[in-house]
Undergrad: 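The structure that follows is given in the form of structure tokens.
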2 protein chains.
Amino acid sequence: MSIQPGAPGGCCSPLVREPVGEADAAELARVFKALSDPVRLRLLSLVAARSGGEACVCELVEPFDLSQPTISHHLKVLREAGLVTAERRGTWVYYRAVPATLGRLAAVLTPEAVTA
Amino acid sequence: MSIQPGAPGGCCSPLVREPVGEADAAELARVFKALSDPVRLRLLSLVAARSGGEACVCELVEPFDLSQPTISHHLKVLREAGLVTAERRGTWVYYRAVPATLGRLAAVLTPEAVTA
DNA sequence: GCCCTGAATCGACAGCTGTCAACATAGGCC
DNA sequence: GGCCTATGTTGACAGCTGTCGATTCAGGGC
């Protein structure tokens, strides 16, 4: 999970500044792959844009014309990519976006050295 | 190609600000899918980080242990996603990154309203 | 304990993706 | 024109991915 906040390495300097190494590319690709599905993008956005920053699964199934196991599968992919976290509270499971992961990706994609 | 510079619509407000619509999600997913392969990430980075901002295919095949047709395939995916452009000059074809597309993605992923 | 509801996992299957070898196309040079 | 080099395209094939129905697991309320 080298993309997570903890990683201090050069993993997140902009793509355009220097060629990304093999290992970093593999790690980044894993996260981008999680974002490469329209359903997952909307799920992430639904969770992140919600007031309070969290949503339970039941609220996430409704907007889609998909089965609950399918939504659950997509949420798992987002979780394993470090883009969301899940917390069980009683009967329900609440999901939250992980801003740090989003920030890392944004930094990597920044076309000019705005980060400097 | 609604992600290209031309599009003035609300397509690129941050993911976390409001739920992304179905159409925008599909378009974004297309571009993220192009970034979801380690080889393509490295290709994009190799092109963008190059001094002069461009690289010919011959220079891009070399760093990989892959056949030239495979690299050509990946470059086509990047091209169709609007992430790079290709220009033929004589015998060689030169690729360039498209900063505007990268910028859009970075804006969409920005966790807080830095854009405002 | 028993049942009910919310969520995750499993098994299966169609469709997509990355890769290659073989071939086709484009431009320069003799 | 004819050849050579640099790219792109095609066809094929293994492996991954999104989806579902069926099942299982977790908590709460009776």
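So you know, we letter chains A, B, ... as the sequences are listed, proteins then strands, and number each from 1.
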Undergrad: How do A:Lys76 and A:Trp92 order along DNA chain C: which one's closest nucleotide is nearer the 5' end?
TA: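 Final value for this comparison: A:Trp92.
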Undergrad: Please examine the side chains of B:Leu15 and A:Leu102, heavy atoms only from C-beta on, and report whether any two atoms are closer than 4.5 Å.
TA: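 Not in contact.
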Undergrad: In this structure, how many angstroms lie between the C1' atom of C:dA21 and the CG atom of B:Leu66, rounded?
TA: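 In whole Å, C:dA21 C1' and B:Leu66 CG are 14 Å from each other.
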Undergrad: By nearest atom, which of the nucleotides D:dT7, C:dA7, C:dA21 is closest to the A:Cys56 side chain?
TA: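 Of the candidates, C:dA7 comes closest.
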Undergrad: Would you mind reading off the distance between B:Phe64 atom CZ and C:dC20 atom C1', rounded to a whole angstrom?
TA: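 The distance from CZ of B:Phe64 to C1' of C:dC20 comes to 17 Å, rounded to the nearest Å.
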Undergrad: Among C:dA22, D:dT7, C:dA8, which nucleotide sits nearest the side chain of B:Val93?
TA: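 The listed nucleotide nearest to B:Val93's side chain is D:dT7.
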Undergrad: Name the pairs: protein N/O against N/O of nucleotides 13-18 of chain D, kept only if under 3.5 Å.
TA:
{"residue": "D:dT17", "atom": "OP1", "partner": "A:Lys33", "partner atom": "NZ", "Å": "3.4"}
{"residue": "D:dG18", "atom": "OP1", "partner": "A:Arg40", "partner atom": "NH1", "Å": "3.2"}
{"residue": "D:dG18", "atom": "OP1", "partner": "A:Arg40", "partner atom": "NH2", "Å": "2.8"}
{"residue": "D:dG18", "atom": "OP2", "partner": "A:Arg40", "partner atom": "NH1", "Å": "3.3"}

Undergrad: Can you check whether A:Leu105 reaches A:Leu28 side chain to side chain, under 4.5 Å on heavy atoms?
TA: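 Yes; the side chains approach each other to less than 4.5 Å.
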Undergrad: Grab the CG-C1' distance between A:Leu75 and C:dA8 for me, whole Å please.
TA: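 These atoms are roughly 10 Å apart.
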Undergrad: Does D:dG8 have OP1 or OP2 sitting under 4.0 Å from an N or O in the side chain of B:Tyr95?
TA: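 Looking at the OP1 and OP2 atoms of D:dG8, one of them is under 4.0 Å from a side-chain N or O of B:Tyr95.
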Undergrad: In whole angstrom, what separates A:Ile71's CD1 from D:dG21's P?
TA: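 Spelled out: CD1 on A:Ile71 to P on D:dG21 is 13 Å.
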Undergrad: In whole Å, what is the span from the CZ atom of B:Arg88 to the P atom of D:dG8?
TA: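 Value for this atom pair: 7 Å.
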Undergrad: Let me know the distance between CD of A:Glu62 and P of C:dA7, rounded to the nearest Å.
TA: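 So the two atoms are 12 Å apart, to the nearest Å.
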Undergrad: Would you say a side-chain N or O of A:Thr91 is under 4.0 Å from OP1 or OP2 of D:dG27?
TA: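 Indeed not, no polar side-chain atom of A:Thr91 lies that close.
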Undergrad: For the pair made of CD in B:Glu87 and P in C:dA26, what is the distance, rounded to whole Å?
TA: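 Rounded to the whole Å, the gap is 18 Å.
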Undergrad: Whole Å only: how far is the CZ atom of B:Arg89 from the C1' atom of C:dG28?
TA: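 Answer to the nearest Å: 16 Å.
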Undergrad: Does a nitrogen or oxygen in the side chain of B:Tyr94 sit under 4.0 Å from OP1 or OP2 of D:dA6?
TA: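 For D:dA6, neither OP1 nor OP2 has a side-chain N or O of B:Tyr94 closer than 4.0 Å.
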Undergrad: Got a donor-acceptor contact below 3.5 angstrom from the B:Ser36 side chain to the B:Lys33 backbone?
TA: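 Yes: the side chain of B:Ser36 pairs with the backbone of B:Lys33.
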Undergrad: Would you say that more than 12 heavy atoms from the other residues, nucleotides or ligands in this model lie under 6.0 Å from the CD of B:Glu87, or not?
TA: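 Yes, the 6.0 Å shell around CD holds more than 12 heavy atoms from other groups.
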Undergrad: Check whether any side-chain heavy atom of A:Val57 sits under 4.5 Å from a side-chain heavy atom of A:Val61, and report yes or no.
TA: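 A:Val57 vs A:Val61: side chains touch.
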Undergrad: Check if the side chain of A:Gln68 and the base of C:dA8 share a donor-acceptor pair of N or O atoms closer than 3.5 Å.
TA: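 Check passes, donor-acceptor contact within cut-off.
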Undergrad: Quick one: is A:Ser67 getting a side-chain N or O under 4.0 Å of the D:dT19 phosphate, OP1 or OP2?
TA: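 Looking at the OP1 and OP2 atoms of D:dT19, neither is under 4.0 Å from any side-chain N or O of A:Ser67.
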Undergrad: Between B:Arg89 and B:Glu54, is the closest basic N to carboxylate O distance under 4.0 Å?
TA: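 Yes, B:Glu54 and B:Arg89 are salt-bridged.
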Undergrad: Do A:Leu46 and A:Phe64 have side-chain heavy atoms sitting under 4.5 Å apart?
TA: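 Of all side-chain heavy-atom pairs linking A:Phe64 with A:Leu46, at least one is under 4.5 Å.
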